[in-house]
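First up is the structure itself, then whatever we jot down about it.
Lettering follows sequence order; numbering is per chain, from 1.
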Number of protein chains: 2
Amino acid sequence: MMILGLVKWMQPVHGYDVRRELLSWGADKWANVQPGSIYHALRKLAQEGQLREVATEQVGARPARTTYEITPKGLDEFETLLRDLWWGNQQAADPFVAAFAFLPALPRPEAVAALRSRGQVIRAGVESMRASMESSWIRDSKPVGVTWMYELWIARGEAEADWCDRVADRIEAGVPYLPESLAGRDGWTAVEPAPEVEREPTPTPNADTETEAETDAY
Amino acid sequence: MMILGLVKWMQPVHGYDVRRELLSWGADKWANVQPGSIYHALRKLAQEGQLREVATEQVGARPARTTYEITPKGLDEFETLLRDLWWGNQQAADPFVAAFAFLPALPRPEAVAALRSRGQVIRAGVESMRASMESSWIRDSKPVGVTWMYELWIARGEAEADWCDRVADRIEAGVPYLPESLAGRDGWTAVEPAPEVEREPTPTPNADTETEAETDAY
DNA sequence: ACGCCGATAGTCAAACTTGTCTAATACCCT
DNA sequence: AGGGTATTAGACAAGTTTGACTATCGGCGT
């Protein structure tokens, strides 16, 4: 419950504020919270007694906005939730890994190309993060934790980019996909060769905050 | 949709088979596919014409089971889906990062302890993965891709564990959370000191068997 | 021979997410 | 002043995921 935490820290807030803060953190990318979910979450939390409605003002004929603040019960819940996340160790779901599981379904040259491209994209992302980490804007207008988070992403990114290259090399070298014991087995026939259009690293829209280096990619 | 791929490779299958295969891959952890979703997915895919119902047998008085196989349309869809995932680069949502964002809400000593513990847990996981990678069972009864996936996890894990230690050191050293420019600002008051119950590193995650993960809500 | 346990196969309602829509106001540029 | 765009707040329906639940069959220990 990110949202609980945000309310705690921005008290009292209305949904729109929460939404903006989340987006400014880029949290829609790394937490599973899209703007659309916020209001529902707020209402549900309020109804569970973890938040309390504090006021409902209306400006002109615009939608009325309701401000919330956290209740002791909510604080409590936040605390345990936070601790669970800090102490617990859960493996995040990664769509790429899922796709990688189907490695043999892709023609070798394409797999190699994809991995190489991925490696590059990741490295570019790492670079751009490193840059914005050093930018003074981040450095002295955001809590240090933000920088540290960047460091984590960078570390992960580097590890992953290296892995991409390593694996690409192996695939290129023709390492067989199956151990001999299963050699005959197929069903793992590759998908049609390739869609002739050569792919370029999909231009991922990025850049929340400034530092708009169009060096794309996360 | 992983499931399409699985059906392609195990054709013809019924839901339960898919479920078992997924669980045997541990895919409920790293893909977002819980057993409960499978049947819904199958029906939806069938209804969209990407799968075709092939038979419905019934053994005794047990629930009837329906077997599916993939259609050309499904193959097509799978192909593009697969390529999107291989080429696209999307940042996976990570609950820990979300929690880390609330760093200042935790008393320093606890944050340090939690990070250290996390580092250890991750290292232990890495070790156990390394072990099962070397085990002959994996080596010659599973596709090589599996080993490579382990390598990825190991690389990531090592990067992350190091990061944990680094950050723990800094927090311990008392590095301030906010830049001076924001020094006065609070609202980031830490949560109650600590629930005196000492936490222990969650039981070391074992690579090929179950690992508990707790649900987070928003 | 009998009861218990785990595997088999799948259903279902509830919870959660998400993208899209509305509709008024503020801002900007010429 | 006028017209276009962006911002402000939030509602909503549709789609997905999930955990909990059924009910049967096959073995295994005793």
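The ring-ring contact (aromatic ring centres under 6.0 Å, His included) test with B/F100 singles out one residue from A/Y150, A/W153, A/W86, and that residue is A/W86.
The pair A/D94-B/R156 meets the salt-bridge criterion, with a side-chain N (NZ, NE, NH1 or NH2) lying under 4.0 Å from an Asp/Glu carboxylate O. Under 4.0 Å is where a charged nitrogen must lie from a carboxylate oxygen, and between B/K73 and B/E48 no such pair does.
When the side-chain nitrogen and oxygen atoms of B/K44 are compared with OP1 and OP2 of D/dG15, none of them lie within a distance under 4.0 Å. A close approach under 4.0 Å does not occur between any side-chain nitrogen or oxygen of A/Q34 and OP1 or OP2 of C/dT17. Side-chain N/O atoms of B/R19 include none lying less than 4.0 angstrom from OP1 or OP2 on C/dT8. Between A/Y16 and D/dT8, a side-chain N or O to OP1/OP2 separation shorter than 4.0 Å is present. Under 4.0 angstrom from either OP1 or OP2 of C/dT18 there lies at least one side-chain N or O belonging to A/S37. In this structure, A/R43 reaches the D/dA11 phosphate: one of its side-chain N or O atoms is under 4.0 Å from OP1 or OP2.
Nucleic acid contact for B/A64: sugar-phosphate only, since backbone atoms but no base atoms lie under 4.0 Å from a heavy atom of the residue. If you check every strand for non-hydrogen atoms under 4.0 Å, B/H14 touches sugar and phosphate atoms only. Using a 4.0 Å heavy-atom criterion, one finds that A/G15 contacts the sugar-phosphate atoms exclusively.
What separates CG of B/L22 from P of C/dG10 is a distance of 14 Å, to the nearest Å. As rounded to whole Å, 13 Å separates atom C1' of D/dT17 from atom NE2 of A/H40. Distance, B/D28 CG to D/dT18 C1': 12 Å, rounded to whole Å. Nucleotide C/dA7 holds its P atom 10 Å from the CZ atom of B/R20, rounded to whole Å. Distance B/E48 CD to D/dG15 C1': 11 Å, rounded to the nearest Å. We find that CD of B/E57 is positioned 14 Å from C1' of C/dG10, with the value rounded to whole Å. Nucleotide D/dT17 holds its C1' atom 16 Å from the CE atom of B/M2, rounded to whole Å. Taking atom OH of residue B/Y39 and atom P of nucleotide D/dA20, one finds them 17 Å apart after rounding to whole Å.
Taken to the nearest 0.5 Å, the NZ atom of A/K8 stands 9.0 Å off from the CZ atom of B/F102. Atom-to-atom distance recorded for A/L51:CG and A/L4:CG is 5.5 Å, nearest 0.5 angstrom.
Judged by a 6.0 Å distance limit and a 45° cone about the ring axis, B/R52 is not positioned over the six-membered ring of B/Y68.
Minimum atom distance to the side chain of A/R65 is reached by D/dG10, of the listed D/dG10, D/dT8, D/dT17.
End-to-end axis angle of the helix from C/dA1-D/dT30 to C/dT30-D/dA1, from C1' rotation axes over five pairs per end: 30° (rounded to 10 degrees).
A/P143 is not listed as a side-chain neighbour of B/Y177, based on a closest heavy-atom distance of 4.5 Å or more.
A/W87 and B/E110 form a side-chain donor-acceptor contact under 3.5 Å, judged by distance and modelled atom types alone.
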